[in-house]
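All chains are named by letter (A, B, ...) in the order of the sequence lines, taking the proteins before the strands, and each is independently numbered beginning at 1.
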There are 2 protein chains.
Amino acid sequence: MNIKLFPVASAVSADALSGATAIVFDVLRATSTIVTALSSGYRRVYPVVNVNEAMQMARERGFCLAGERGGQKITGFPLGNSPLEFSTGPVAGADILVLTTSNGTAAIRSAAAAEKVLTGSIINARAVARAAIYEGRNIVLVCAGSGGLYSLDDILGAGFVLMEIVAAADTAPAMDDQALAALCLARYYKQDPLAGLMDSNHGKKLLGLGLKNDLYWCARLNLYDTAPIFQGNYIEN
Amino acid sequence: MNIKLFPVASAVSADALSGATAIVFDVLRATSTIVTALSSGYRRVYPVVNVNEAMQMARERGFCLAGERGGQKITGFPLGNSPLEFSTGPVAGADILVLTTSNGTAAIRSAAAAEKVLTGSIINARAVARAAIYEGRNIVLVCAGSGGLYSLDDILGAGFVLMEIVAAADTAPAMDDQALAALCLARYYKQDPLAGLMDSNHGKKLLGLGLKNDLYWCARLNLYDTAPIFQGNYIEN
């Protein structure tokens, strides 16, 4: 098994994804939110890049509309991108979400050329690691990044998944240096994943917006045992 | 003080370098070799990108010719790119080197737009950190990378310099996430920098070429107290 990591989703190539299992990370917060929602009673999440397209889809199909830009809920949207908004499950049977975020939703779509696309985060690290091993293919770790830049929160999410892969795999996987560095970073922060999220510049920005509880939530290693799959146009468990 | 890290030298922008102090890293092995040579009696190193240009300069000016491609000494060159070849000092007064390597020499030249360009490695981490702090500008850490890819050995070199900067700076510097990750990786490997070099894919390649002693040498933290400067066309202490 061969493992590569791309720190910014826009740099991932179709060539790297071809025949591989991709795991997409936007730890703060899109993939953590998707994992939380699908573990809490939501049935399906449509990741949509464009705000107007998301609004139109929600309106036409009666879906629940959620999203953020710059870390803050989009004006007029009933829901933002905090996992805490979704952890209590859907209201009044509206269990299909349309989600548009600054980085994560585009990252998920950028991995679509892979054989299988899984949703990764710290809160489902072990489950997504096992699902990827079960697939038996090479693995491409696709980090969303933040505004086109390397973002430590995503690298840490990939690193925690790598720790689980290394622990569970029959033979040691071959890794590129980006994946190896992510693994070492997760080991560095393993006693306190929250410290890693708080150290990251994106984490600091969210702290500045008063979103401390989101960081606490996103740092809860292996909270959920699900590995949501993106296929066709949506994500499901 | 603001610190940014570029994991691959070809991606560094003139904008990022403008007004800043750059520190260039090709830990395995060009910058380690340059630091060793200039600490061992060599007076000056000309980093040259092109093999023919290096040969011509050495012939016309009577300089000592050194270099590698793919980790191995270039055919017809008297010296390769192993720091061990230079640690005993120059022979017969030939104390000016022309050096051409796969990644490092181009990386040094790619940083030329900075206000000052320093030569960084694990073996001179503390000295180069202090020199950069003394300059008082923002710092750009330019990693050579290997074949255009992120290379853990260079990131680790930058990380060890960051550990020294953090220890010596009056106020905590602001870092981008790439720099922060390098700092954490150096802390992860601080008891055994050699293990970090051996884990890296570039290190493994050199081990496969029988260059184990080079890795041992390049991992000797703070072996030298020099911070060579690249200006004009050459590097000097």
Side-chain angles (χ1 to χ4, degrees), chain A residues 2-8 10-11 13 16 25 27-28 103 141 143-159 162-163 166 172-193 195-206, chain B residues 2-8 10-11 13 16 25 27-28 103 141 143-159 162-163 166 172-193 195-206:
Chain A
N2 196 294
I3 306 180
K4 286 186 172 157
L5 184 149
F6 289 84
V8 181
S10 56
S13 62
F25 299 87
V27 168
L28 293 176
N103 305 293
L141 305 166
C143 295
S146 187
L149 296 174
Y150 175 106
S151 198
L152 184 61
D153 54 309
D154 300 333
I155 306 293
L156 272 181
L162 282 166
M163 277 181 67
V166 168
M175 287 181 229
D176 70 2
D177 275 14
Q178 294 268 22
L180 179 63
L183 174 63
C184 295
L185 286 164
R187 286 174 173 162
Y188 179 76
Y189 280 112
K190 72 180 171 189
Q191 301 303 330
D192 191 1
L197 297 188
M198 288 187 160
D199 283 345
S200 73
N201 282 291
H202 191 53
K204 285 177 190 154
K205 182 185 164 192
L206 295 181
Chain B
N2 196 293
I3 306 180
K4 285 187 175 155
L5 184 149
F6 289 84
V8 181
S10 56
S13 63
F25 299 87
V27 168
L28 295 176
N103 305 292
L141 305 166
C143 295
S146 187
L149 296 175
Y150 176 106
S151 198
L152 184 61
D153 54 305
D154 300 334
I155 306 293
L156 271 181
L162 283 165
M163 278 183 68
V166 168
M175 286 183 231
D176 69 4
D177 275 13
Q178 292 267 21
L180 178 63
L183 175 62
C184 294
L185 285 165
R187 286 175 173 160
Y188 178 77
Y189 280 112
K190 73 180 171 191
Q191 300 305 332
D192 191 0
L197 298 188
M198 286 187 163
D199 283 345
S200 73
N201 282 291
H202 191 51
K204 283 177 192 157
K205 182 185 163 189
L206 295 181

Original post:
Does some side-chain heavy atom of B:D176 sit less than 4.5 Å from a side-chain heavy atom of A:L149?
Top reply: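 The answer is no; the side chains never approach within 4.5 Å.
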Between the OH atom in B:Y150 and the CG atom in A:L180, the distance rounded to the nearest 0.5 Å is 8.0 Å
Working to the nearest 0.5 angstrom, can you tell me the gap between B:C184 SG and A:I155 CD1?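 B:C184 SG to A:I155 CD1: 12.0 Å, rounded to 0.5 Å.
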- Is there a donor-acceptor pair under 3.5 Å between the side chain of A:N201 and the backbone N or O of B:M175?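 Side chain of A:N201 to backbone of B:M175, a donor-acceptor pair under 3.5 Å: yes, one is there.
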Whatever's closer than 4.5 Å to a heavy atom in chain B on A:L152 counts as both
* Mark yes when over 12 heavy atoms from residues, nucleotides or ligands other than A:K190 sit less than 6.0 Å from its NZ; otherwise mark no. =>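 Counting other residues, nucleotides and ligands, NZ of A:K190 stays at 12 neighbours or fewer.
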